[in-house]
S.K.: 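The structure's right below; bear with me while I get my questions together.
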Number of protein chains: 2
Amino acid sequence: MTFETTKTHIVHGGTLRYLKHDSTATGTPMTLSVFTPAGEGPFPVLIWLSGLTCTEDNFTTKAGAYRAAAEHGVIIVAPDTSPRGEGVADDPAYDLGQGAGFYLDATQAPWAPHFRMETYVAEELIALIDAAFPTTGARAISGHSMGGHGALTLALNHPDLFRSVSAFAPICSPTQCAWGEKAFTAYLGDDRATWDRHDAAKLIAAGAARGIYDDILIDQGDADSFLTDQLKPELLQAAADAAGQKITLRMQPGYDHSYFFMTSFIADHVAFHAERLKG
Amino acid sequence: MTFETTKTHIVHGGTLRYLKHDSTATGTPMTLSVFTPAGEGPFPVLIWLSGLTCTEDNFTTKAGAYRAAAEHGVIIVAPDTSPRGEGVADDPAYDLGQGAGFYLDATQAPWAPHFRMETYVAEELIALIDAAFPTTGARAISGHSMGGHGALTLALNHPDLFRSVSAFAPICSPTQCAWGEKAFTAYLGDDRATWDRHDAAKLIAAGAARGIYDDILIDQGDADSFLTDQLKPELLQAAADAAGQKITLRMQPGYDHSYFFMTSFIADHVAFHAERLKG
């Protein structure tokens, strides 16, 4: 296959591979992990998008997702959050540059040549996964924080690719929070008209999910330190209400922004997707 | 309480605390994590001992143990693997000194003043936990690799303290492997007669578990790179057979020495202990 396997582990009876490949979308090497359940398959695929500062390793080691993936017979693919390396632009801040790709294709210097995470995930990665692993072709997407934003916006912009979408503590409206405004200004420039297709609340308000996704599962900790200033699930709920779109927003009492929050509810998300990926 | 709480997270409905305290046993600050299930309690306690190079954080973030702990209503206490800090002796190798306490009280310089992990875990820590948390007084112990050695030897040497014991990929006979010989020579000196009470296979052969532990659950991956040279579960099985002691040694096909192995079977261990901690 196109992928070079750098590490392999057996976990919950399935096989977890850390992979590396040269991406045509980003023009860099990219890393990811892929869990395949035991057996011949074919299996549906859940794409997992991680948050700011993460590589593929955080979710892979900390989320505890593979028990549910093995139980439901779902492949989980966790890519890195951005291109990386010496020839790739970066910023000293944790919320811009390497580790902070925001799952969009940058149009502005110095980011444009490599920061093409929308094309990477929605075109290149899913095609490579379908070519290398025994997939059914049915696909879901989920993620955390910046990756929750990525899951929502990729699912809403590419409804032909995904049967279901969910998110943990997503950045619900990046055009209306500091993380998003900073990243979108850098990657997309000052013309805010180009930003809206990367804003989940605006997409849902415009009806992008209607007739496509029967429900969108969102878990959000109410003790999350980023809740009020950056994540703003109330904007997503308002957009869904306005558009007549069902979303299931669960405010989880006492939970924060960490992987301890995610590991507590990841099995619910895998089950949510597995139900929609069947058949 | 004696403990300073450095971080708190909600996970699986319970509370996970990272704690710090000044240990009288080691004469240093010590760190640990404690998971308490939701509710008033009282709860039984499972002490988890980690392996070489680990702090309390590896198990806490990667083992995925808290789902089962919440389900069974068990407190899990995960201490660091050694004293640490500038005034504490160390060695550049990963298998000696800080991060490699081997759960014994060192008698040799430069280790003796601080490396007193047997006294720390079996006396100080369990007393502090019982004083600070709503415990029933029933207690179990488990661990991984060096921590599996620690769990077995502390359970066998202190049968009054524990109702059950299990281990993942334990160092079964440290007097007969390079990791153990190196550490015991450094911590205990050249007189091998002082080593035997820190060797699980020798303790079991001498009948130390008989009439105390109805079963000892051991999981071991058969693709573990340390299996043949360091871990040697066949020595534990032979000792158990010779002593008429029941152990359940499960050779898990394809599994390695990593947390992916542990997370696959940790729920079985929590259930094994929960059954014995009841009432």
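Every chain is numbered from 1, with letters handed out A, B, ... down the list of sequences.
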S.K.: Distance check, rounded to the nearest 0.5 Å: Thr15(B) atom OG1 versus Phe260(A) atom CZ?
M.R.: 12.0 Å
S.K.: Using the side-chain contact (heavy atoms from CB on, under 4.5 Å) criterion, which residues pair with Ser50(A)? Sequence neighbours excluded.
M.R.: Trp48(A), Cys54(A), Phe59(A), Thr81(A), Tyr259(A)
S.K.: Checking heavy atoms, do the side chain of Ser258(A), its backbone, both or neither come under 4.5 Å from chain B?
M.R.: side chain
S.K.: How would you list all residue pairs meeting ring-ring contact (aromatic ring centres under 6.0 Å, His included) that involve residues 63-84 of chain B, not counting sequence neighbours?
M.R.: Phe35(B)-Tyr66(B)
S.K.: Return the option, out of Ala267(B), Gly64(B), Ser264(B), with the maximum number of heavy-atom pairs under 4.5 Å with chain A.
M.R.: Ser264(B)
S.K.: Can you measure from CG (Asp256(A)) to NZ (Lys7(B)) and round to the nearest 0.5 angstrom?
M.R.: 10.0 Å
S.K.: CZ/Phe261(A) to NE2/His12(B) distance, rounded to the nearest 0.5 angstrom?
M.R.: 12.0 Å
